[in-house]
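Below is one structure, written out as structure tokens; comments come after it.
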Amino acid sequence: MGYELRVERQAPLSFAELANVLGRAGFEFRGSPESGEVLARHGEGVHAVAVWDGALSGAPGSDWQVAQLARVSGLLGARLVGEDGESYAIRDGVVEQTGDQAAYEFGRLEEILAAGPAAWRA
């Protein structure tokens, strides 16, 4: 598994709330209330964005997946947090990462979503 991002918030997240938000925002869910995957469409394909196991997390392999995770966390009133404590969010239409030492902009949300889930290259 790659670098993990977690959706965190003060109030516990229930599956019913997750399902409601996902449905209204155009995401899909495959699995059961105990565990499953959050999916997003791009073109004709469906791509995994996050894993649900009582908590929501993801191991993105593209800017598109980071953007989708940031969308979901924002819709849930939550924060998207990385393993090293950095935060990911959408601010003024820009997907960004902020931490103690530096900030990084992935780019404009609509451009990232339009580009799709092309994997990062090593």
Side-chain angles (χ1 to χ4, degrees):
M1 181 175 189
Y3 194 79
E4 184 177 81
L5 302 180
R6 301 174 314 283
V7 176
E8 297 181 347
R9 65 180 205 172
Q10 289 184 334
L13 177 61
S14 71
F15 178 75
E17 183 179 5
L18 175 66
N20 181 28
V21 167
L22 293 177
R24 287 182 305 160
F27 289 92
E28 299 176 27
F29 184 82
R30 182 184 307 144
S32 70
E34 291 76 34
S35 67
E37 288 184 306
V38 174
L39 307 166
R41 289 193 170 274
H42 184 267
E44 296 297 317
V46 179
H47 307 274
V49 172
V51 174
W52 167 257
D53 60 3
L56 198 57
S57 64
S62 69
D63 289 356
W64 183 85
Q65 287 172 312
V66 172
Q68 295 290 15
L69 280 164
R71 281 186 61 219
V72 169
S73 65
L75 293 167
L76 292 168
R79 293 176 3 135
L80 184 60
V81 180
E83 292 175 7
D84 296 327
E86 74 282 7
S87 295
Y88 298 78
I90 301 167
R91 186 169 48 123
D92 299 326
V94 175
V95 180
E96 64 182 13
Q97 170 195 347
T98 57
D100 291 338
Q101 302 300 320
Y104 173 78
E105 289 186 355
F106 287 87
R108 301 222 35 92
L109 176 64
E110 66 271 4
E111 292 170 5
I112 294 170
L113 295 180
W120 290 319
R121 297 190 203 295

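These numbers were taken from a predicted model, which means no experiment stands behind them.
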Would you name the heavy atoms of [X] and [Y] that are closest together and state the gap between them?
X      : Y     : value
Ala118 : Ser62 : O-CB, 3.0 Å
Ser87  : Arg79 : OG-NH1, 3.7 Å
Leu69  : Gly58 : CD1-CA, 4.2 Å
Glu86  : Gly99 : CB-CA, 4.3 Å
Ala78  : Glu8  : CB-O, 3.2 Å

Under the criterion side chain to side chain contact (heavy atoms under 4.5 Å, CB included), I'd like the reasoning laid out for Val95 against Asp63: C-alpha separation, chi angles, the key distance, then a yes or no. CA-CA 9 Å; Val95 180; Asp63 289 356; over 6 Å; no

Residues clustering with Val81 (ILVMFWY side chains joined when closer than 4.5 Å, directly or via others):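 Listed partners: none, Val81 stands alone.
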
Per-pair distances, 0.1 Å, donor-acceptor, side chain in residues 102-114, under 3.5 Å, sequence neighbours excluded:
unit_1	atom_1	unit_2	atom_2	d
Arg108	NE	Glu110	OE2	3.2
Arg108	NH1	Asp92	O	3.4

Below 3.5 Å, can you tabulate the donor-acceptor pairs from side chains in residues 43-56 to any protein atom, sequence neighbours excluded?
unit_1	atom_1	unit_2	atom_2	d
Trp52	NE1	Pro33	O	2.7
Asp53	OD1	Ala55	N	3.4

Let me see the working for Val72 and Val21 under side chain to side chain contact (heavy atoms under 4.5 Å, CB included), right down to the final yes or no. CA-CA 8 Å; Val72 169; Val21 167; 5.7 Å; no

Sub-4.5 Å side-chain heavy-atom contact between Phe15 and Ser32: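 Result no, sub-4.5 Å side-chain heavy-atom pair not found.
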
Please say yes or no: joined through hydrophobic side-chain contacts below 4.5 Å, possibly via intermediate residues, are Phe29 and Phe27 part of one cluster?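 Linked within one cluster.
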
Would a hydrophobic clustering, with Ile, Leu, Val, Met, Phe, Trp and Tyr connected at side-chain separations under 4.5 Å, put Val94 with Trp64?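 Different hydrophobic clusters.
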
Could you measure the distance from the [atom1] atom of [X] to the [atom2] atom of [Y]? Nearest 0.5 Å is fine.
X     : Y     : atom1 : atom2 : answer
Asn20 : Leu75 : CG    : CG    : 10.5 Å
Leu5  : Tyr88 : CG    : OH    : 5.0 Å
Leu22 : Leu76 : CG    : CG    : 7.0 Å
Arg6  : Glu83 : CZ    : CD    : 7.5 Å

Is the backbone of Leu13 close enough, under 3.5 Å, to the side chain of Glu17 for a donor and an acceptor to pair up by distance?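 Answer holds: no.
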
Would you say CZ of Arg30 has more than 12 non-hydrogen atoms from neighbouring residues, nucleotides or ligands within 6.0 angstrom?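 No, CZ of Arg30 has 12 or fewer neighbouring heavy atoms, counting only those of other groups under 6.0 Å.
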
